[in-house]
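Atom set for the values below is all heavy atoms of this structure, side chains included, hydrogens, waters and symmetry mates excluded. Source: prediction; values computed, not measured.
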Amino acid sequence: MKLIDTHSHIYSDDFKDDIEEIISNCRKVNIGKILLPNIDSESIPKMNRLVKRFPDMCVPMMGLHPTSVKENYREELENCKAWLAKGDYCAIGEIGMDLYWDKAFVKEQQIVFDTQINWALERELPIVIHARDSFDEIFEILESYRNSSLKGVFHSFTGNTEQAVKAIGFGFLLGINGIVTFKNSGLDKTVGSIGLDHLILETDAPYLAPVPKRGKRNESSYLVHIASKLSEIYQLSLDEVAKTTSANAEKLFNIELK
């Protein structure tokens, strides 16, 4: 059994004192790969250093996070684009729209999202979508790409069954993390209404630690608790959950577990 954490920020300062232990914990529980989404220009050096340190385990993405879209978004985009041209990145991410924290840059978020979708199409890469309080806005943008080769994942999916079906209809997978273990999230019921074939696993570390680690700093090794919850929901073995979700991730991100 090998699992893939398709979304983890373990390059952040939260892990600067014990990253060796974090990686060791992953190896002990058969986490084979950890995919690292970028945030903005400040996170790129940290992310790239971690990839260089653990090249067999860590795989980077490149993109501009919607909460980092401010007045200087053009400069940030140019920086991401320059790195994309000279690095080996598995996806454009994490990108999308976030209308939860700040609605002052809605138009700019739409422009940045659309720009990065086109990068993905040009480079034949998947996109990793951050969608917070913005499903309708994101679906509207994706509609114009319905007949293209665009593919990707709705990271940290928290929508209802209708939104899940719509996302899948665009050819996207759903990224499931610790929220599925939260008692009142309702995500377990949504997940149970769709097939495992449409899912990949993620932690979003250091955020959203799953039960029984809820409230603590999340880490990639806790992915086993998310996989365990899915095995309970689908009444499948942990091996079957790992096999299906890892195969989905390998195919989407063009990576290979060894």
Side-chain angles (χ1 to χ4, degrees), residues 3-27 31-70 72-96 98 109 112-113 115-117 119-120 123 125-130 132 152-156 175 177-178 200-209 217-223 249-250 252-257:
L3 293 163
I4 299 175
D5 184 356
T6 63
H7 199 107
S8 179
H9 300 276
I10 57 168
Y11 56 77
S12 75
D13 290 342
D14 296 77
F15 303 96
K16 69 181 188 301
D17 297 325
D18 62 347
I19 190 62
E20 291 279 355
E21 184 180 351
I22 293 299
I23 297 295
S24 176
N25 290 343
C26 288
R27 298 193 196 280
I31 308 296
K33 293 286 183 186
I34 306 168
L35 276 50
L36 310 176
N38 188 49
I39 299 298
D40 52 34
S41 56
E42 289 187 13
S43 57
I44 294 172
K46 298 174 188 177
M47 181 180 69
N48 286 341
R49 277 197 299 270
L50 189 64
V51 171
K52 191 172 183 180
R53 193 169 170 186
F54 302 102
D56 65 317
M57 180 75 82
C58 297
V59 185
M61 306 176 197
M62 184 51 62
L64 179 60
H65 193 289
T67 60
S68 292
V69 175
K70 309 294 183 187
N72 68 333
Y73 75 90
R74 290 186 182 87
E75 180 185 330
E76 285 283 344
L77 276 179
E78 283 303 313
N79 190 42
C80 287
K81 189 176 182 181
W83 277 103
L84 192 58
K86 61 188 176 183
D88 188 13
Y89 299 98
C90 71
I92 306 296
E94 95 192 63
I95 68 176
D98 189 313
Q109 284 191 33
V112 169
F113 184 36
T115 298
Q116 293 181 102
I117 286 174
W119 292 355
R123 295 178 176 273
L125 291 173
I127 63 173
V128 174
I129 296 179
H130 173 106
R132 192 163 189 193
V153 57
F154 275 78
H155 137 69
S156 190
N177 57 30
I200 55 178
L201 305 184
E202 59 167 73
T203 59
D204 202 16
Y207 316 107
L208 302 171
R217 181 194 65 173
N218 199 5
E219 61 179 80
S220 288
S221 64
Y222 295 168
L223 195 70
E250 285 180 293
L252 178 66
F253 294 106
N254 193 28
I255 57 175
E256 185 179 356
L257 285 173

Walk me through it: do T203 and D5 pass the test side-chain hydrogen bond (donor to acceptor under 3.5 Å, both in side chains)? CA-CA 6 Å; T203 59; D5 184 356; 2.6 Å; yes

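By the 4.5 Å heavy-atom criterion applied to side chains, Y207 and S156 are not counted as neighbours. At least one side-chain heavy atom of P206 sits less than 4.5 Å from a side-chain heavy atom of H9. In this structure, V112 and I95 have side chains that are not in contact, with every pair of non-hydrogen atoms separated by 4.5 Å or more. Side chains of S68 and E76 form no contact here, defined as non-hydrogen atoms less than 4.5 Å apart. With a 4.5 Å cut-off on side-chain heavy atoms, L77 and W119 count as touching. In this structure the side chain of I127 reaches within 4.5 angstrom of the side chain of F113, judged on heavy atoms. A 4.5 Å side-chain heavy-atom check between E94 and I39 finds at least one atom pair inside the cut-off. Contact annotation: the side chain of I23 approaches that of M57 to within less than 4.5 Å [non-hydrogen atoms, C-beta and beyond].
Applying the side-chain contact (heavy atoms from CB on, under 4.5 Å) criterion to V59, with sequence neighbours excluded, gives K33, L35, C90, I255. In this structure D18 satisfies the side-chain hydrogen bond (donor to acceptor under 3.5 Å, both in side chains) test together with R217, sequence neighbours excluded. Every residue meeting the side-chain contact (heavy atoms from CB on, under 4.5 Å) condition with R53, not counting sequence neighbours, appears here in chain and number order: I19, E20. With sequence neighbours excluded, the residues forming a side-chain contact (heavy atoms from CB on, under 4.5 Å) with N79 are S41, I44, W83, listed by chain and number. Listed by chain and number, the residues in a side-chain contact (heavy atoms from CB on, under 4.5 Å) with D56 are R27, F54 (sequence neighbours excluded).
Checked options N48, V51, L36, I34; the residue passing with Y11 is L36 (criterion: side-chain contact (heavy atoms from CB on, under 4.5 Å)). Across R132, H130, H65, a single residue satisfies side-chain hydrogen bond (donor to acceptor under 3.5 Å, both in side chains) together with D98, and that is H130.
The main-chain N or O of I92 is never found under 3.5 Å from a side-chain atom of Q116 such that the two would form a donor-acceptor pair. With hydrogens and angles ignored, the 3.5 Å screen pairs no side-chain donor or acceptor of Q109 with any backbone N or O of V69. Side-chain atoms of N38 never come within 3.5 Å of backbone atoms of M61 as a donor-acceptor pair (strictly under, hydrogens ignored).
Residue pairs meeting the salt bridge (charged side-chain N to carboxylate O under 4.0 Å, His left out) criterion with at least one member in residues 35-48, sequence neighbours excluded: D13-K46.
Between P66 and G96 the shortest heavy-atom distance is CB-O, 3.4 Å.
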